Amino acid sequence: MNTIIIDKVLHPKGVLFTFDKNGKQVQILFLTHAIERMEKWKLTPEMVGRTLLEPEEVLIGHHS
């Protein structure tokens, strides 16, 4: 699967990224705190976006 960042816009609470996932556009707001943590752990927005949009496994939660 192909997930790429096609746009990045500053937002009062962080940065709004627009990803293209197989021809569909998805926007994800990365809050300032999350961006700081990503830098600390040396994660790129591409890595985090790909993880959110293409999970290896989806589990059912407690309140399903």
Side-chain angles (χ1 to χ4, degrees):
M1 292 184 222
N2 198 10
T3 303
I4 58 170
I5 294 175
I6 57 174
D7 194 23
K8 173 180 157 179
V9 178
L10 290 179
H11 184 277
K13 294 186 176 187
V15 180
L16 181 64
F17 287 92
T18 303
F19 291 87
D20 182 87
K21 183 183 183 306
N22 300 326
K24 293 185 180 181
Q25 292 186 4
V26 179
Q27 291 185 322
I28 301 175
L29 176 61
F30 287 67
L31 300 179
T32 304
H33 176 78
I35 293 170
E36 291 169 358
R37 293 293 183 221
M38 288 167 45
E39 291 171 358
K40 176 181 178 181
W41 293 103
K42 297 180 176 66
L43 299 172
T44 65
E46 292 87 353
M47 294 166 68
V48 175
R50 192 170 22 258
T51 300
L52 292 170
L53 297 171
E54 301 173 15
E56 291 181 9
E57 183 177 10
V58 178
L59 301 175
I60 296 174
H62 294 287
H63 301 289
S64 297

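Predicted model, so just to flag it, every value in this text is computed and none were measured.
In this structure, Phe17 is a member of the same hydrophobic cluster as Leu10, with clusters built from ILVMFWY side-chain heavy atoms closer than 4.5 Å. Two different hydrophobic clusters hold Leu52 and Ile4 under the rule that ILVMFWY side chains link at heavy-atom gaps under 4.5 Å.
Here the closest heavy-atom approach between residue Met47 and residue Lys42 is recorded as SD-O, 4.4 Å. Nearest heavy atoms, Gly14 versus Thr32: CA-OG1, 3.7 Å. Nearest heavy-atom pair across Val58 and Pro55 is CG2-CG, 3.8 Å.
Atom CG of Leu31 and atom CG of Leu29 lie 5.0 Å apart (nearest 0.5 Å). If you take CG on Leu16 and CD on Gln27, they are separated by 4.5 Å, rounding to the nearest 0.5 Å. Of the inter-residue distances, the one linking Lys24 atom NZ with Thr3 atom OG1 reads 12.5 Å to the nearest 0.5 angstrom.
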Using the side chain to side chain contact (heavy atoms under 4.5 Å, CB included) rule, take Ile28 and Leu53 through it: C-alpha gap first, then chi angles, then the decisive distance, then the call. CA-CA 10 Å; Ile28 301 175; Leu53 297 171; 4.3 Å; yes

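A tilted orientation is assigned to the rings of Phe30 and Phe19, their planes being inclined by 30° to 60°.
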